[in-house]
Amino acid sequence: MNFQRVVIKVGSALVAPDKQGCSGQYLLSIARFITQCQQVGKEVILVSSGSVAAGRALIRHGSPNPSIPTKQAMAAVGQMKMMANWQRFFDVPCSQLLITHGDLKDRQRYINIKNTIRILLANGVIPIVNENDTVATDELKVGDNDNLAAQVALVSEADCLLILSDVDGLYRENPKHNPDAEKLSDVSAITPAIYQMASGTDNHIATGGMQTKIQAAEKATENGIATFILSGEDANALEQFGQGINAGTHFHAQQAPFKAKKHWLKHTLKSTGRVLLDAGAIHAVTNKGASLLPSGIAGVEGSFAAGDSIDIIDAVNQSPVAKGISQYSHRDLAKIIGQNSNQIAAILGYCPSKVAVHRDDMVMLKTNSSDVSNQTNTSSDNTQ
Ligand SMILES: Nc1ncnc2c1ncn2[C@@H]1O[C@H](COP(=O)(O)OP(=O)(O)O)[C@@H](O)[C@H]1O
Ligand SMILES: N[C@@H](CCC(=O)OP(=O)(O)O)C(=O)O
C-alpha cells in the first residue's frame, strides 16, 4: 500500500443501502480493510456520512424531503446510531469529530482539530468525522462530505484520500443514466472537461453526486494527496487496492504541493465581500505579485471585518482574479479606496497597514501561478 495516512470517505448509500437506518452490509468489508491497514502500520481516518439516513425512521416527517430542522434532528439521533454501527466492527476505540466549515476556517480551531487527530492516531484510536449537521447553517457548513473529506485530508496531512461510494469510479457520463458510459481509470489533471462529465445524484439521502467528488479530488491532488474513487459495495475493490491495484479512478497527485496557508485561504475560507479592481491594479496583482493597494480599488461590496476573506474581482469583466485577507473592514475600506496609502491615517484616524490585501495573504485564482509569493515583488508599496 503506497500511502502512510489515508482518509476514507464512506457515502450515505453504503451506511444506509435501504435509504434509512444503519446497515453492516458494506461496512463490514470496509472495516476489515481499515483493520488490515492498521495491522501494517498505516493510519486511517474515516469520514462517514449517513447520520440523516440513520435517524430518518426515528423522527416523524410528512414529506419525502423533510425541512432542515427535521433533518438536523434526524442527524442528531442518527449520528449515535451510525457511530455505534461503526464501533461494532472494531476492537480498537472509535472517536467522534463533528466539525463545520466555521471550525475549519478559524485558524485556532483548525489547529485544534489537527492536534486532536494527531493524538488520536498516535493512540490507535480511529477518528470518525462528520459534519456537525445539527448546528451547521448555510454560511457555516461545508455542505457535503466529499469536500469535508478533502479538508480532513489536508488538516490531518494525509497522503491518500479514498472516496468509497455506490459507484466504482468516474465515468464519462452518469452510469445510472447511460449504462454504456466509459469509466476513467486515471485522471492526471482535473480540467473543465472532467467537471463536465460529473453530474449530481439521484439518491435523496446523498449530497453532491460526482461533482463534489471531483471538487474534493481537485483540492486533495493539488496538495499532493493521491485520490481514488472506489466502489464501497465491492469488497474485492478494497482488497485489490490493498495490493496496489486500482479498480476505480485514480486522480494523480500534482507535483507541487500548495502551501498550507494558501490552501486554507483558497478552499477553506468563504468570502463575505468583494473588491473591484481597475486595470492597473489587476496588472500589478496578477503580473507583478504586488500587494493590493487601496488606490487600485474601484469598489467595495458585501460585509466583512478586518481579517476576513474577500474576493478580488476584475471590475471590467466581473471575473474573480484572486482571494485574500482584507486588512480593513468593508466600511473603512470604502472610505479609502482610490486614495494614496499615505492618506489612510488622515482619513480613518488610524493606519494599521498601507495595503488593503497583503501579497502573502493573497492567492491567485486565474493566472498560471497559484501562489503570488513565488513571484517577484515589484510593488512599490507593500509594507504592512
Ligand atoms: N460521471 C459520473 N460518473 C459516476 N457517477 C456519477 C457521474 N455523474 C453523476 N454520478 C452519480 O454520483 C453518484 C454517487 O454520488 P452520491 O450519490 O452523492 O454518493 P455518496 O453518498 O457516496 O456521496 C453515483 O451513484 C452516480 O449516480
Ligand atoms: N452529513 C450528512 C451527509 C452529507 C453527505 O455529503 O452525504 P453523502 O453524499 O452521502 O456523502 C449525514 O451524515 O447524513
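Just so you know, residue 1 is the first one in the sequence shown, and it goes up from there.
- Under the 4.5 Å side-chain criterion, counting only non-hydrogen atoms from C-beta, E131 is in contact with K141.
- Aromatic ring orientation, W86 versus F89: perpendicular (interplanar angle above 60°, classes split at 30° and 60°).
- One N or O on the side chain of S95 and one on the backbone of I126 form a donor-acceptor pair closer than 3.5 Å.
- Counting heavy atoms from C-beta on, the side chains of S49 and K9 come closer than 4.5 Å.
- Remark: side-chain polar atoms of T249 are paired, donor with acceptor, to backbone N or O of L170 under 3.5 angstrom.
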What do the steps show when you test R274 against D311 for salt bridge (Lys or Arg N to Asp or Glu O under 4.0 Å), and what is the final call? CA-CA 5 Å; R274 327 191 309 158; D311 291 333; over 6 Å; no

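- Atom CD1 of I117 is separated from atom OG of S156 by 5.0 Å, given to the nearest 0.5 angstrom.
- With D168 contributing its side chain and G248 its backbone, the two residues share no donor-acceptor pair below 3.5 Å.
- Within the model, atoms CG of L164 and CG of L14 stand 6.5 Å from one another, a figure rounded to the nearest 0.5 Å.
- Using a 4.5 Å cut-off on side-chain heavy atoms (C-beta onward), T221 and H252 make no contact.
- Considering CG of D308 and CD1 of I325, their distance stands at 7.5 Å, rounded to 0.5 Å.
- Atoms CD1 and CG, on I128 and L46 in that order, are 5.0 Å from each other to the nearest 0.5 Å.
- Nearest approach of G169 to M210, heavy atoms of both residues: O-CE, 3.6 Å.
- Note that CD1 of I310 and NE2 of H330 are 12.0 Å apart. Values are rounded to the nearest 0.5 Å.
- Placement of I337 and V321 within a single hydrophobic cluster is found when ILVMFWY residues are connected by side-chain heavy-atom separations under 4.5 Å, directly or transitively.
- A donor-acceptor pair is defined here as one N or O able to donate and one able to accept, closer than 3.5 Å; no such pair exists between the side chain of N223 and the backbone of I225.
- A donor-acceptor pair under 3.5 Å links the side-chain atoms of D103 to the main chain of T100, judged by distance alone.
- Looking at heavy atoms from C-beta onward, L161 lies out of side-chain contact with K219 at the 4.5 angstrom threshold.
- In this structure a side-chain-to-backbone donor-acceptor pair under 3.5 Å is present from D234 to N236.
- Judged by distance alone, with hydrogens and angles left aside, the side-chain atoms of E218 form no donor-acceptor pair with the main-chain N or O of T191 at under 3.5 Å.
- Inter-residue side-chain proximity for M364 and T286 is flagged as met; some heavy-atom pair is nearer than 4.5 Å.
- For the residue pair N147 / Q215, a side-chain donor-acceptor distance below 3.5 Å is found, with atom types taken as modelled.
- Contacts of H204 classified as ring-ring contact (aromatic ring centres under 6.0 Å, His included), with partners at least two apart in sequence or in another chain: none.
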Between side-chain atoms of residues 16-38 and protein atoms elsewhere (two or more places apart, or another chain), which donor-acceptor pairs fall under 3.5 Å?
| residue | atom | partner | partner atom | Å |
| --- | --- | --- | --- | --- |
| S23 | OG | Q25 | N | 2.9 |
| S29 | OG | Y26 | O | 3.4 |
| T35 | OG1 | A31 | O | 3.0 |

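- Neither side chain, T201 nor N203, offers a donor N or O lying under 3.5 Å from an acceptor on the other.
- Linking ILVMFWY side-chain heavy atoms closer than 4.5 Å, directly or via other members, places V52 and V135 in two distinct hydrophobic clusters.
- Under a cut-off of 6.0 angstrom, the local environment of CZ in R331 is sparse, with at most 12 non-hydrogen atoms contributed by other residues, nucleotides or ligands.
- Counting only heavy atoms from C-beta outward, the side chains of I313 and E301 never approach each other to under 4.5 Å.
- Residues M83 and V44 are members of one and the same hydrophobic cluster, defined by side-chain heavy-atom contacts under 4.5 angstrom among Ile, Leu, Val, Met, Phe, Trp and Tyr.
- Rounded to the nearest 0.5 Å, atoms CD1 (I99) and OG1 (T116) are 10.0 Å apart.
- Looking at T207 and D144, their side chains never bring a donor and an acceptor atom within 3.5 Å of each other.
- The closest donor-acceptor contact from the side chain of Y328 to the backbone of S353 lies under 3.5 Å.
- The number of heavy atoms from other shown groups lying within 6.0 Å of CG (D186) is above 12.
- Taking the six-membered ring for Trp and thresholds of 30 and 60 degrees, F3 and F241 have nearly parallel ring planes, at less than 30 degrees apart.
- Side-chain contact between I214 and V187 is absent, with no heavy atoms from C-beta onward closer than 4.5 Å.
- In this structure, the side chain of Q87 engages the main chain of C94 through a donor-acceptor pair within 3.5 Å.
- Residue I68 qualifies as open at atom CD1: its count of foreign heavy atoms under 6.0 Å is 12 or below.
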All N/O donor-acceptor pairs, side-chain side in residues 72-79, below 3.5 Å, sequence neighbours left out:
| residue | atom | partner | partner atom | Å |
| --- | --- | --- | --- | --- |
| Q72 | NE2 | D133 | O | 3.1 |
| Q72 | NE2 | T134 | O | 3.4 |
| Q72 | NE2 | A136 | O | 3.2 |
| Q79 | OE1 | N130 | ND2 | 3.0 |
| Q79 | NE2 | Q96 | OE1 | 3.1 |

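- Listed for the K114 side chain is no donor-acceptor partner under 3.5 Å among the backbone atoms of E157.
- Side chains of S271 and K323 form a contact here, defined as non-hydrogen atoms less than 4.5 Å apart.
- Taking all atoms of both residues into account, the shortest heavy-atom contact from S309 to L265 is OG-CD1, 4.4 Å.
- Within a 6.0 Å sphere centred on CG of D202, other residues, nucleotides and ligands contribute more than 12 heavy atoms.
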